[in-house]
J.: 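Let me begin by handing over the structure; questions about it come next.
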Amino acid sequence: MKVTTISIDLAKNVFQVLGMDCHAKQVFNKRLNRTQLTEFMLQQPNCDVVFEACYSSHYWGRKFLAMGHNIKLIPAQHVTPFVRGSKNDNNDTMAIYEASFRPNIRFVPVKTEEQQEILMLHRIRERLVKEKTACTNQIRGVLVDFGICFAQGYKAFEVAIWDIINDASQRPIIKLMANDFWGEYQSVNTRLDRINTLIKKLIERDPNGKILLSIPGVGPIIASAFVASIGRGQAFNTAKELGVWLGLTPKQFASGHRSVNGSITKRGNGYLRKQLIHGARAVVSHASKKQDDLNLWIMQLRSRKSICSTVVATAHRLARLIWILLQKQVPYVPQYAANQGVNHGTC
């Protein structure tokens, strides 16, 4: 029997490998370590290799692609419903195999090393931002017990710390801790600046990045995160699918002839959604100063919706615009009422 599909349950050191033929009959079911897996896959005929899009999946995807196999990465949430019986490696591989044949399943494209490098920078940057916020919040909290209270925000933190450090009448322990907090704050700031500069340089060299940077509300952070995550949006058939994947569309509660839309689903990539909403908030706050079609639409929406609803709706529109421009490979050009005949990346 010739194997046509290989299902792999990925792990760090031990892998369960299931081989199936074209009649859905089991050819083999092996437990292999990392070295054995590479050697075993080199001996197999070119076929479909399916596994979950999870820890180390893109590394193995690139490795198996180089061997000539066809790789299909399946989102983990689409595999879970097919696990039958107890949760173990054998059942997981069978669930992955069954999920790969479901109609309308959207496979995850294998990311390049360059894309994963950018995403690595984003993950480190996100952690550093949390550390910076935690540092300022903690010193605000502990100093309240000494009657020292200052406003939220990095600027207020910097001013307050310098006042404490330069206050000759301040208690020695408080001045010591203020110096320690200031050193930690500066260290995190330096690392953040270095990562932000690197992200900006990388995205400005990328053709897709230049397209996204032309969109209102999209800066180097948002552009690089989207390019690293979705490439040219080849995993989505329409702009609407990207918005759904980002969790920017409302939940639907439907039964019979009754259909009610609720809050946004918040499914998919939470980091991309958060960054896009931050960008949309900046666009909404300056919409009254511009007269192009996008900003006029935002002002009309704002006149009948709350600020939060307007921001989310704008983020959804920006997401659709991102997909359209990446597909057309053209930069964004603002549209005005007198220039409707020209079509440059409208949505």
Side-chain angles (χ1 to χ4, degrees), residues 106 152-153 203 208-227 229-230 232-233 235-255 257-347:
R106 181 184 295 118
Q152 292 181 349
I203 200 62
N208 292 324
K210 293 178 180 178
I211 292 172
L212 296 191
L213 287 173
S214 67
I215 300 174
V218 176
I221 300 300
I222 298 175
S224 62
F226 268 88
V227 170
S229 298
I230 68 171
R232 289 183 56 178
F236 307 97
N237 296 319
T238 64
K240 182 180 178 181
E241 288 187 3
L242 176 58
V244 172
W245 179 73
L246 289 171
L248 291 169
T249 52
K251 297 176 184 176
Q252 185 183 33
F253 304 90
S255 178
H257 297 291
R258 184 173 181 270
S259 180
V260 178
N261 288 333
S263 58
I264 60 173
T265 62
K266 294 186 179 180
R267 66 179 58 157
N269 194 314
Y271 179 74
L272 292 182
R273 181 175 61 253
K274 180 186 73 171
Q275 296 297 341
L276 194 60
I277 287 178
H278 285 331
R281 188 173 286 110
V283 175
V284 171
S285 65
H286 293 87
S288 60
K289 304 174 184 177
K290 301 178 182 179
Q291 296 299 314
D292 60 279
D293 288 355
L294 175 62
N295 289 285
L296 289 176
W297 173 82
I298 292 173
M299 292 307 298
Q300 291 173 2
L301 186 62
R302 181 68 186 92
S303 65
R304 51 191 171 86
K305 293 289 185 180
S306 66
I307 183 64
C308 291
S309 296
T310 304
V311 167
V312 173
T314 303
H316 188 196
R317 182 158 179 168
L318 292 180
R320 295 166 70 101
L321 189 59
I322 285 172
W323 186 87
I324 291 171
L325 295 180
L326 287 176
Q327 291 296 305
K328 293 182 177 180
Q329 287 292 289
V330 295
Y332 174 79
V333 177
Q335 296 291 293
Y336 296 88
N339 193 28
Q340 292 294 335
V342 181
N343 182 17
H344 290 295
T346 57
C347 70

J.: Determine yes or no for a side-chain-to-main-chain donor-acceptor pair under 3.5 angstrom, with Ser224 supplying the side chain and Ile221 the backbone.
T.: yes
J.: Determine yes or no for a side-chain-to-main-chain donor-acceptor pair under 3.5 angstrom, with Arg320 supplying the side chain and Ala239 the backbone.
T.: no
J.: Distance-only, no hydrogens or angles: does the His286 side chain make a donor-acceptor pair with backbone N or O of Ala282 under 3.5 Å?
T.: yes
J.: Can you tell which of Thr310, Val284, Leu296 makes a side chain to side chain contact (heavy atoms under 4.5 Å, CB included) with Leu301?
T.: Thr310
J.: Quick one: does any side-chain atom of Gln327 pair with a main-chain N or O of Arg232 as donor and acceptor, under 3.5 Å?
T.: yes
J.: Would you confirm whether the ring centroid of Phe236 sits within less than 6.0 angstrom of the ring centroid of Trp323?
T.: no
J.: Over all heavy atoms of both residues, which pair between Ile222 and Gly279 is shortest? Give the atoms and the distance, please.
T.: CD1-CA, 3.9 Å
J.: Could you state the interatomic distance from CG (Asn269) to CG (Leu242), rounded to the nearest 0.5 Å?
T.: 10.0 Å
J.: Can you tell me if Arg273 uses its side chain to pair, donor with acceptor, with the backbone of Arg267 under 3.5 Å?
T.: yes
J.: Restricting to non-hydrogen atoms, name the atom on Gly262 and the atom on Pro250 that form the minimum distance, rounded to 0.1 Å.
T.: O-CB, 3.3 Å
J.: Evaluate the side-chain proximity of Ile322 to Leu276: yes if any heavy-atom separation is below 4.5 Å, no if none is.
T.: yes
J.: By salt bridge (Lys or Arg N to Asp or Glu O under 4.0 Å), which residues pair with Lys305, not counting sequence neighbours?
T.: none
